[in-house]
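The shown structure was predicted, so the numbers you read here are calculated from the model rather than taken from an experiment. Numbering starts at 1 and runs along the sequence shown.
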Amino acid sequence: MPKEYRTIQEISGPLMLVRDVENVTFNELGEIELSNGEKRRCRVLEINGSDALVQLFESSTGINLAESKVRFSGRQMELGVSEDMLGRVFDGLGRPIDGGPEIIPDKRMDVNGSPMNPAARSYPEEFIQTGVSAIDGLNTLVRGQKLPIFSASGLPHADLAAQIARQAKVLGTSEQFAVVFAAMGITFEESNFFVESFKKAGALDRTVMFSNLANDPAIERIATPKMALTAAEYLAFEKDMHVLVILTDITNYADALREVSAARKEVPGRRGYPGYMYTDLAAIYERAGRQRGKKGSITMIPILTMPEDDKTHPIPDLTGYITEGQVILSRDLHRKSITPPIDVLPSLSRLKDKGIGEGKTRKDHANTMNQLFSAYARGKDAKELMVVLGEAALTDIDKLYAEFADEFEKRYVSQGFYTNRTIEETLDLGWELLRILPRSELKRIKDVYLDEYYDKK
């Protein structure tokens, strides 16, 4: 029987100080029993001699210091995992909230995980088809990669996240593909949107969903991505599945981290976020990848809303350092009703070259990708020039580039949230747009591909 302590000294926000404890360890779980028999869960944040600083998972309202008692469990936070998790919806602490039965676990796993040994990693190289042309054609996602989406408030990142979760698949393999979807600090309406969207598309059967709502405690928000990644590690490395992890919204997670840090009276870093935010985010992102000798993999798409649309804000800034590129959503494109409003020029997938080409997508992919980038960049310049100097100042070829830029946005980038394009359809559409330009302008494409695809009307 665990020892009971009636030595609660003080409570400040989500934190509680317990004196004279013995053999209590960092991160250990505990339980507070109120005088009326109600129980609330907590976790040890810090040990100082015989004092334990404890973090509450639920509200501290109604805890009477003299009459409440604390018990420590002797174990860290764990998640009971099983293949039965697929098709289920859980809260941020891994409890079912979809009205279904409790999960009977195959095993219990520590949610903090253990970092993947860099020497045991295999290089990400298989193409993942998301069905979104601006990603598949120009910023290709590769199995085992971490590719964040940088959005801003009011932009439709939730729709894009749901679209990728519904459509993503690894081509040419019979291996199982699963999605682990973790939502942090979202509204009830958003949570409902994701569940209904997956149900309608029949994608819920292969999805494990963790939902932490905006009115749930901050400490639960900090646990949510760890719960999701523990479920992903089990499915990927023990059940040989290809798992796509989508985390939304990392900004809410970082704000919860700041809230708890402020309650602990820690010295704040940049913009009030704790100095250890970089290592904390890295501990989440680096759990994605592929391991040698294991068939499964974890590919991660973290989504974050940039405060004030600022790319240099600490959250997107640190995320950009740790991950392999970024997909950026643009307010200007959103105003033009382009969906999804992906701004392809500042977006980047650092591993795209590894996942394309013959046997993976198609032999002409790399050449057409470079040419589309180049033509779109020149078309945007031509349009800016047109605004300043008027259309008469443009050469005929510049006018063609300006036309290309408009058509590219309207037809290639804008495809709606319910169109699922194969990689062949995306590449063929790219060639269709490149035919707006004369063949002599397509200097980034080998003649052999021009003969085969450009001249094919």
Between [Y] and [X], is the closest basic N to carboxylate O distance under 4.0 Å?
X    : Y    : result
E220 : R41  : no
R271 : D317 : no
E324 : K354 : no
D381 : R378 : no

| query | Looking at V44, V111, L29, N112, which one forms a side chain to side chain contact (heavy atoms under 4.5 Å, CB included) with Q76? | reply | N112
Counting only N and O atoms by type, is there a donor-acceptor contact under 3.5 Å from the side chain of [X] to the main-chain atoms of [Y]?
X    : Y    : result
Q326 : P346 : yes
R88  : P101 : yes
R221 : G92  : no
D106 : S82  : no
S374 : N370 : no
D84  : I103 : no
N367 : K446 : yes
E28  : T25  : yes
T368 : H365 : yes
Q129 : I423 : yes

| message | Between I63 and L34, is the side chain to side chain contact (heavy atoms under 4.5 Å, CB included) condition met? List the steps. | response | CA-CA 6 Å; I63 298 179; L34 277 57; 4.1 Å; yes
If you count the non-hydrogen atoms of other residues, nucleotides and ligands that lie under 6.0 Å from [atom1] in [X], is the total more than 12?
X    : atom1 : value
N117 : CG    : yes
K295 : NZ    : no
Y276 : OH    : yes

| request: Test side chain to side chain contact (heavy atoms under 4.5 Å, CB included) on M16 and I11 and set out the steps. | output: CA-CA 4 Å; M16 182 172 83; I11 294 178; 3.8 Å; yes
Any luck finding a side-chain donor-acceptor pair between [X] and [Y] under 3.5 Å?
X    : Y    : answer
R40  : S60  : no
N27  : R43  : yes
S133 : R421 : yes

Could you check whether any side-chain heavy atom of [X] comes within less than 4.5 Å of a side-chain heavy atom of [Y], counting everything from C-beta outward?
X    : Y    : result
L247 : I284 : yes
Y449 : Q371 : no
R444 : F373 : no
H313 : L304 : no
V70  : V21  : no
I315 : Y253 : no
P307 : T251 : yes
I301 : L141 : yes

Indicate the atoms forming the closest heavy-atom contact of [X] with [Y], along with that distance.
X    : Y    : result
L329 : S151 : CD1-OG, 3.6 Å
L138 : K352 : O-CD, 3.6 Å
F404 : A375 : CE2-CB, 3.5 Å
S297 : R290 : CB-CG, 3.5 Å
S68  : I32  : CB-CG2, 4.3 Å
M184 : P225 : SD-CD, 3.6 Å

| task | Could you please spell out the steps behind the salt bridge (charged side-chain N to carboxylate O under 4.0 Å, His left out) verdict for E233 and K294? | result | CA-CA 11 Å; E233 284 167 350; K294 302 266 177 92; over 6 Å; no
| According to the interplanar angle, ranging from 0 to 90°, do the rings of Y412 and F408 count as parallel (below 30°), tilted (30 to 60°) or perpendicular (above 60°)? | parallel
| For the residue pair F198 and F181, does the interplanar ring angle fall in the parallel (under 30°), tilted (30 to 60°) or perpendicular (over 60°) class? | perpendicular
| query | Run the side-chain hydrogen bond (donor to acceptor under 3.5 Å, both in side chains) check on R287 and T230 step by step: do they pass? | reply | CA-CA 9 Å; R287 287 171 76 172; T230 305; 3.2 Å; yes
| field | Verdict with supporting geometry, V195 and D98, side chain to side chain contact (heavy atoms under 4.5 Å, CB included) | value | CA-CA 10 Å; V195 175; D98 54 5; over 6 Å; no
| request: Test side-chain hydrogen bond (donor to acceptor under 3.5 Å, both in side chains) on D332 and S330 and set out the steps. | output: CA-CA 5 Å; D332 287 344; S330 149; 5.0 Å; no
| request: Report the C-alpha separation of L155 and R331 in whole Å, then their side-chain angles, then the decisive distance to 0.1 Å, and conclude whether the side chain to side chain contact (heavy atoms under 4.5 Å, CB included) test is met. | output: CA-CA 7 Å; L155 297 184; R331 213 174 274 287; 4.1 Å; yes
